[in-house]
Amino acid sequence: MEKNETIKSVTMILSGSLLQMFNGIGNGWISTLTAIFGLILLFMGLSKLKRGIDEAGQGAVKLLIIAAVLGIIGLILDLIPLVGIVASIVFIVAFIVQLIGVLKLKKSETIGESGKSGVTLLLIAMILAILQSIVGFVPFAGGIVAGIISLVALILLFFGWLRIQDGIIINNP
C-alpha cells in the first residue's frame, strides 16, 4: 500500500474515534447516530491501515476492526427501547477487544517509537474512559468531574493517534 494511503487511514481513524467519543459527551439519538457515523469512519480507516502495516500491526488492527463492528452493533441496539442492557454488554465486549487490540498494536514495528508512545496515550485514554463511566454515577459533582475526565480522554485519544501517524511517517520513508 502506498504510504500516503496509510497516513490517510490514520486520519480517518482519528476522525472516527473523535466522533465516536461524542456519544459519551452528548445525549440522545443524534449523538448515537453521530457515533455510528464515527465508527463507520473508524472501520474504514482501520481497514485501510491494515494493508499498510506489518504482521504484528495487522493482527492488532483486526481486533480493532472487530471492536468497531461490535460498537456499531451496540449503538444500533442502544437505539431500540428496552434493549439497553444487551447494548451495554456488547459495549463491554467491544471495549475489551479494543483494549487487547491497542495493546497488540504496541508490538508493531511500522509505527516506531513515536507510535508506541501514541499507543500509551490511547491506553491512558481508555483507562480514563472507564474512570469517567464510574465517576459519572457519583451524585452532584460526578457529572462535572466525569465531563472533565472525558475531555482529557478525548485529547489523549487525539494526540495518541497523531503520534501513531507520525511514527508511520518517520519509519516508512
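The structure displayed is predicted, hence computed values, not measured ones. The first residue in the sequence is number 1, and the count goes up from there.
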Might you point out which heavy atoms bring [X] and [Y] nearest each other, and give the distance in Å?
X      : Y      : result
Leu105 : Ala60  : N-CB, 3.3 Å
Ala94  : Ala67  : O-CB, 3.4 Å
Gly71  : Phe91  : O-CE2, 3.8 Å
Leu156 : Ala125 : CB-CB, 4.0 Å
Trp161 : Val10  : O-CG1, 3.5 Å

Can you tell me how far the [atom1] atom of [X] sits from the [atom2] atom of [Y], to the nearest 0.5 Å?
X      : Y      : atom1 : atom2 : result
Ile65  : Leu70  : CD1   : CG    : 12.0 Å
Leu99  : Met126 : CG    : CE    : 4.5 Å
Ser31  : Leu19  : OG    : CG    : 11.5 Å
Ser133 : Phe95  : OG    : CZ    : 8.0 Å
Leu41  : Thr11  : CG    : OG1   : 11.5 Å
Ser114 : Arg163 : OG    : CZ    : 6.5 Å

Look at the side chain of [X] and the backbone N and O of [Y], then say whether any donor-acceptor pair between them is shorter than 3.5 Å.
X      : Y      : answer
Gln58  : Lys50  : yes
Asp78  : Gly74  : no
Gln165 : Ile7   : yes
Ser9   : Thr6   : yes
Ser150 : Ala146 : no

Residue pair Leu63, Gln98: steps toward the side chain to side chain contact (heavy atoms under 4.5 Å, CB included) verdict: CA-CA 6 Å; Leu63 289 173; Gln98 182 182 17; over 6 Å; no

Any non-hydrogen side-chain atom of [X] less than 4.5 Å from a side-chain atom of [Y]?
X     : Y      : answer
Lys8  : Lys48  : no
Leu49 : Ile168 : yes
Leu75 : Leu33  : no
Leu42 : Met12  : no
Val86 : Ile80  : no

Mind checking salt bridge (charged side-chain N to carboxylate O under 4.0 Å, His left out) for Glu55 and listing every partner two or more places apart, or none if nothing turns up?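 Listed in chain order: nothing, the list is empty.
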
Would a hydrophobic clustering, with Ile, Leu, Val, Met, Phe, Trp and Tyr connected at side-chain separations under 4.5 Å, put [X] with [Y]?
X      : Y      : value
Val138 : Leu131 : no
Phe159 : Leu151 : yes
Ile127 : Leu64  : no
Leu128 : Phe137 : no
Ile92  : Ile85  : yes

Let's go through Ser108 and Lys116 carefully: what are the C-alpha distance in whole Å and the side-chain angles of both, what is the deciding distance for side chain to side chain donor-acceptor pair (under 3.5 Å) to 0.1 Å, and is it a yes or a no? CA-CA 8 Å; Ser108 174; Lys116 290 177 184 181; over 6 Å; no

Does Leu39 form a side chain to side chain contact (heavy atoms under 4.5 Å, CB included) with Ile36? I'd like the steps, not just the answer. CA-CA 5 Å; Leu39 281 168; Ile36 290 171; 5.7 Å; no

Quick one: hydrophobic cluster around Ile148, which other residues, with the 4.5 Å side-chain cut-off, linked directly or via members?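 Ile144, which link up through side-chain heavy atoms under 4.5 Å apart, make up the rest of the cluster.
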
Quick one, Asn171 with Ile111, criterion side chain to side chain contact (heavy atoms under 4.5 Å, CB included). Give me CA distance, side-chain angles, the key distance, then yes/no. CA-CA 7 Å; Asn171 288 315; Ile111 65 172; 5.8 Å; no

